[in-house]
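These notes concern the structure reproduced below.
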Amino acid sequence: MQRDSSSDEEDDRHNLIEQNERKPPTPPSTATFHIDDFSSRLPRFNFNFKFQKRYLFAIIPLFLILLYFTTDAHRVFTTSISSLKFDSLGDQMKESELRALDLLRKQQLGILGIWNRTFNNLPSFQSNTTGNTMNAQDLNRLLEDVKLVLSRQISLNKEIQQVLLSPHKTGNLVEPEFDFGNASLNGISYDRCRTVDQNMSQRRTIEWKPKPDKFLLAVCVSGQMSNHLICLEKHMFFAALLNRVLVIPSSKVDYQYNRVLDIDHINKCVGRKVVISFEEFAEIKKNHMHIDKFLCYFSLPQPCYLDDERIKKLKSLGLSMNKPDPVWTEDINKPKRRTVQDILSKFAYDDDVMAIGDVFYAEVEQEWVMQPGGPLAHKCKTLIEPSRLILLTAQRFIQTFLGRNFIALHFRRHGFLKFCNVKKPSCFYPIPQAADCITRVVERANAPVIYLSTDAAESETDLLQSLVVLNGRPVPLVKRPARNSAEKWDALLYRHGIEEDSQVEAMLDKTICAMSIVFIGAPGSTFTEDILRLRKDWGSASLCDEYLCHGEEPNIVAEIE
């Protein structure tokens, strides 16, 4: 086709040339303007140049000058610009009004939310005078929510005003007729989820000044790592009362504590040697590894809460001992409240080596022991805390995935259904109900992401993720990902060969949760309790910290089998 087209063009050009050669000249017409005719007459006016098309460019400026002097250009252009400005202002006002309407709708929803929440709790508040169904903590929580909503509505109202005033601003100044001033909160910024002042300076403490040749052998057998850490913390209190050095259990019969704790950190905080490893104790007592006094704090269900298998494991370490002897009748299911005087009267002996069995369930000076920072005098925030490697790894994970502003959720599910359902009320919540409770905390905290520490199945966490939605936006639930060599946040654990230790991973989870701005815990879980302890001691505890669905009962509870 290209070839044919090219041939046609050649024929057309040839025909045109022939026609031009044969056509005779045509006399000029008086009715038509011709450039040639005009130029032929120019010499009669003594113009000694041949007129060409390029001289048109010299005429155009002259024409524009003439137009300028004969037209009111200012009026023309001003009218056009004014019209444009008016249209632009109209568009801005329309856009501002639509934005303001959207903000007003959000304000309305916020006020309605606190209205409904307040009046839903009103019956329990009214019955408080007789039935005491709403305690002071619940009432304070409700008042804090009201303060939060009012603070947000005042800020939102200010934002609405700024949106409506934006078309009337010149630079940063508002036109005088629209400047109504601003109401303020006198510079007070209200933070609903602010950290709790723990009054650490008011702590009640005792000095731990052990005799270097007197030892208390820690024995912890109840539950998993979190239980053992609580047991270890209580043993420290007993050791301080009895002026003894505490011996950390051997990894052959207990957990490998040096992987998750910095034992020497305790000694540095106290300022003297107060704890030693079992290996160090064995080196000191290599010629006589004997428990001189094995006095049991608990008598039931077994003395010292030790069965025959546990006794055999202790003896396998090279320890010799007499039969464990209870000092009183004490059941782990119904522990009595004990005082310092009770402990000193039953356990203050001068023997070199003592053991008192598992004390996880012991209730000795509970308020004193559970205070932020613990009952012992020291110069650190807390004595029992994650190792330096785990702390750094947690910080790196937060910097990589979460940022500073995140909520942490301990969502225990495995084995929790049966455990919770024997309690009254149950602490096991259906996923949709749990999602509603979590969303309310997210709204209070105004956090963009949640760190999820859980043993739940993927089917449960997927459903939970789909239901945690605030203002039409899903709130991401972030779990620690599987190992990826491209990610470097966990490099320290791999470098030291502790990356696949389940107890290290559990302590890492605790540490991340303890560093969040708000924590939602699982009621009845010692894992949660240890996180709350760390948050109190580190000063990260928030007014918004709570157990999942605090104050609510599950909307359905299965029958007991």
Side-chain angles (χ1 to χ4, degrees), residues 136-137 140 191 193-211 216 218 220 226-246 248 261-275 297 335 337-344 347-348 356 359-388 391 507 510-511 513-519 521 526-547:
Q137 185 179 6
N140 184 63
D191 182 4
C193 296
R194 59 192 180 277
T195 54
V196 179
D197 182 6
Q198 302 291 353
N199 292 319
M200 298 293 280
S201 60
Q202 304 299 316
R203 275 199 317 135
R204 176 190 173 195
T205 60
I206 60 168
E207 294 286 336
W208 189 356
K209 296 181 178 179
K211 297 175 182 178
L216 177 64
C220 299
S226 295
N227 296 43
H228 286 227
L229 291 177
I230 295 171
C231 172
L232 201 62
E233 187 178 25
K234 291 182 178 180
H235 263 99
M236 288 166 57
F237 184 52
F238 277 81
L241 292 176
L242 301 173
N243 298 318
R244 293 178 175 273
V245 175
L246 183 66
I248 303 297
L261 303 176
D262 184 355
I263 303 301
D264 200 42
H265 162 81
I266 301 172
N267 294 324
K268 289 177 181 177
C269 291
V270 175
R272 60 186 67 90
K273 192 95 166 183
V274 294
V275 294
Y297 185 95
R337 290 184 174 271
R338 303 288 184 177
T339 65
V340 169
Q341 288 71 29
D342 293 333
I343 302 304
L344 294 176
F347 296 96
I356 58 176
V359 291
F360 169 73
Y361 295 100
E363 293 190 6
V364 179
E365 304 283 2
Q366 278 294 91
E367 291 184 4
W368 188 5
V369 171
M370 298 301 293
Q371 69 180 335
L376 307 178
H378 58 83
K379 58 185 178 182
C380 301
K381 291 182 177 180
T382 187
L383 292 179
I384 296 181
E385 69 175 16
S387 69
R388 180 70 175 164
L391 280 170
M507 184 60 81
K510 282 185 184 179
T511 309
C513 289
M515 292 178 173
S516 63
I517 63 163
V518 172
F519 173 63
T526 53
F527 189 92
T528 280
E529 294 305 318
D530 204 33
I531 293 170
L532 292 172
R533 176 190 65 82
L534 279 174
R535 289 177 65 78
K536 285 192 300 182
D537 293 354
W538 285 349
S540 60
S542 162
L543 286 174
C544 293
D545 287 356
E546 64 177 49
Y547 297 110

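Quantities reported herein were computed from a predicted structural model and do not represent experimental measurements.
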Spell out, as yes or no, whether a donor-acceptor pair under 3.5 Å connects the side chain of [X] to the backbone of [Y].
X	Y	answer
Lys536	Pro372	no
Glu365	Val340	yes
His235	Ile356	no
Arg533	Ile384	yes
Arg203	Gln198	no
Trp368	Gly374	no
His265	Thr382	yes
Thr339	Asp342	yes
Asp545	Phe519	yes

Specify the closest pair of heavy atoms between [X] and [Y], including all atoms of both residues, with the distance to one decimal.
X	Y	value
Cys513	Ser516	O-OG, 2.8 Å
Ala240	Ile206	CB-CD1, 4.0 Å
Ala514	Ser540	O-OG, 2.8 Å

Q. Can you find a heavy atom in the side chain of Val275 that is under 4.5 Å from one in the side chain of Val270?
A.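 Contact flag for Val275/Val270 side chains = no.
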Q) Do Pro210 and Arg272 have side-chain heavy atoms sitting under 4.5 Å apart? A) yes
**Q.** Cys231/Val359 under side chain to side chain contact (heavy atoms under 4.5 Å, CB included): CA gap, chis, key distance, verdict
**A.** CA-CA 6 Å; Cys231 172; Val359 291; 4.3 Å; yes
Interatomic distance, [X] atom [atom1] to [Y] atom [atom2] [nearest 0.5 angstrom]:
X	Y	atom1	atom2	result
Lys510	Ser226	NZ	OG	2.5 Å
Gln371	Asn199	CD	CG	11.0 Å
Leu241	Leu376	CG	CG	8.5 Å
Leu232	Phe237	CG	CZ	15.0 Å
Trp538	Thr511	CH2	OG1	5.0 Å
Glu207	His378	CD	NE2	11.0 Å

(Q) Go through it in stages, so that I can follow the logic: the residues are Met236 and Val369, the test is side chain to side chain contact (heavy atoms under 4.5 Å, CB included), and I'd like the CA-CA distance, side-chain angles, deciding distance and then a yes or no. (A) CA-CA 10 Å; Met236 288 166 57; Val369 171; over 6 Å; no
Q) Parallel, tilted or perpendicular: which describes the rings of Tyr297 and Phe347, with under 30° parallel and over 60° perpendicular? A)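 Answer is parallel, since the angle falls under 30°.
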Q. Between Val274 and Leu246, does a side chain to side chain contact (heavy atoms under 4.5 Å, CB included) hold up when you go through it step by step?
A. CA-CA 6 Å; Val274 294; Leu246 183 66; over 6 Å; no
Q) Do we see a donor-acceptor contact under 3.5 Å between the side chains of Arg535 and Ser542? A) no
